Amino acid sequence: MNNSQYSKGNQEKGLTPITSPWMHDIMNHPKVVDELFKRFGSPLNILHPASFAKNCTRFKEVFQNHDIKFGIFYARKANKAKAFVKQAFIENIGVDTASERELLQSLQLGGDGDHLVLTSAIKTKEQVKTALQNNVPIVLDNDDECVLVNDLAEKNNCKARVAFRLSGFYVNKKKLYSRFGFDIDDIEEYLMKHVGKDKKYNNFKVEGLHFHLDGYSTRQRSEALLHCISLIQKLRENDFSFRFIDMGGGILINYLKHKEEWLNFDVRLKESLKGKISPITFNNNGLGYRFEDGIIKGDRKTYPYFNEINSDKFLEEILKYSDQNGSSVASLLQKENIEIRIEPGRSLVNQSGITMARVVHRKKDAKGQWLIGLEMNMSQMMSSSADFMLDPFVMYANLDQDKTEEKLVDVYFTGAYCLERDVLLKRKVTLPKLPEIGDVVVFVNTAGYMMHFFETQAHLFELAPNLVYTETSKPLKFADFKLDTDN
Ligand SMILES: Cc1ncc(COP(=O)(O)O)c(C=O)c1O
């Protein structure tokens, strides 16, 4: 018999998340978890930099196996914690910063011009000055930015290290749209005309090309890299000395253990919308699908939570792609002595965080559904897609494993905002037993964008504390957790 007092929701027909031993270690120590809640309140974000370090090593190995020059810049927008920035510097990788505060804090934490890049969508004077003073490369997006950066470099009597962000690549003869970057069709003429000695922009030290593609296609990334390589070849003949291509982020990760569960969920969601089975989402939310005129229309608007080609394999797929002559992207980069850079966010913090909240109340709504009120709100765990589709865990103070079959209960978790839509997961979760007040719900793998990207302080709620977990000697103890702000 399993004696543990915690259980995954949806033991059947679930979406079972991939988890790491450290997460189970925490769930196996309810007393420590209780102390953490007593000291820091609910909800709690727990961060695990050691997992970040592992992800880092996996990416490094891919590049090393191809024997190509590389740079990894952690896109810290995925999680605001300092802990991952510090870990990035420990791993001797860089950090991609996208705002003035991200840049300033990363500098304070030890970043320098060779370990930072500024990619903000909006670049203010102050930001650019800080980047220039610290010799941090700036990724330029448009002509106005070129004017600003060139002028400030002149005033500061320095050369600005720059890369040009590109978009509008052609894949299968179709142009990929992005609101970011210079159009690939115009960049060559633009650079030749305006950038360099005796030209309009003569305070640049041009170092690289950059792109970040929406979506998760490896083929599009490979094609964009091939475009950039041939552009660099041409520009080198005209005195430009590009030395890197930065392909941004968007490296897919795999959240789920079982492909069948992922495929079955989709089938059941459609059946529930058609009314063939009882709803499996709150208010029969279609997560993007609609049932109209007797058919299912639209697309499911969720992250692709199951992916066979993920993380290092995703990167490998991009590098091994060949051009028309049969040369792989990796071999061309090597031949041209071009450094490849990536800016992974989500994929570097994969398996590096969990979010825990205490149960405050249980109630049955007018439809007879159990709603479990948690001491947290929707902004503290919010996906940019239609739902976060990983089964949560519940840590019970009392779970009589022998009797759980009789007590199976379907629930939805609700949050503290005064909005009908503050339902933390849209999916219905079947639990072995109704949680009691004070029991703990654990959402795993939340470090990437879930914890911080959309957090707000409506109702004057405090932001969730971020605790950095560092394993020391067993057993796990309260002192293994430190506030991110404290260290
Ligand atoms: C320029 C740039 N780099 C890197 C990233 C990180 O992407 P991801 O977290 O998907 O790896 C983003 C995400 O929006 C981005 O815009």
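Scope of the values below: all heavy atoms of this structure, side chains included, with no hydrogens, waters or symmetry mates. We count residues from 1, following the sequence as given. This is a predicted model, so every value here is computed, not measured. In each ligand, atom 1 is the first atom listed, and ligand 1 is the first ligand listed.
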### Task
Output yes when the distance from some N or O of ligand 1 to some N or O of S347 is under 3.5 Å, and no in every other case.
no

### Query
Which residue owns the protein heavy atom closest to atom 3 (N) of ligand 1, what's the atom, and how far is it?
E343 OE1, 2.7 Å

### Query
Is there at least one pair of N or O atoms, one from G248 and one from ligand 1, spaced under 3.5 Å apart?
no

### Message
Checking the side chain of K123 only, and the main-chain atoms of V139 only, is there a donor and an acceptor separated by less than 3.5 Å?
### Response
yes

### atom 8 (P) of ligand 1 [closest protein heavy-atom partner, distance rounded to 0.1 Å]
G250 N, 3.4 Å

### Query
Does ligand 1 have a heavy atom under 4.0 Å from the side chain of V139, from its backbone, from both, or from neither?
neither

### Query
Just checking, R268 and W262: is the charged tip under 6.0 Å from the six-membered ring centre and within 45° of the axis?
no

### Message
Less than 4.0 Å is my threshold; does some heavy atom of Y449 fall inside it relative to ligand 1?
### Response
yes

### Task
Side-chain contact test, heavy atoms from C-beta onward, threshold under 4.5 Å: evaluate it for Q220 versus N172 and give yes or no.
no

### Message
I need the minimum non-hydrogen distance between G9 and V429, along with the two atoms involved.
### Response
CA-CG1, 3.8 Å

### Message
Going by ring-ring contact (aromatic ring centres under 6.0 Å, His included), name the residues that satisfy it together with F70, two or more places apart in sequence or in a different chain.
### Response
F63

### Query
Taking the non-hydrogen atoms of P344, is any one of them nearer than 4.0 angstrom to ligand 1?
yes

#### Entry: Y216-ligand 1 polar pair, N/O distance under 3.5 Å
no

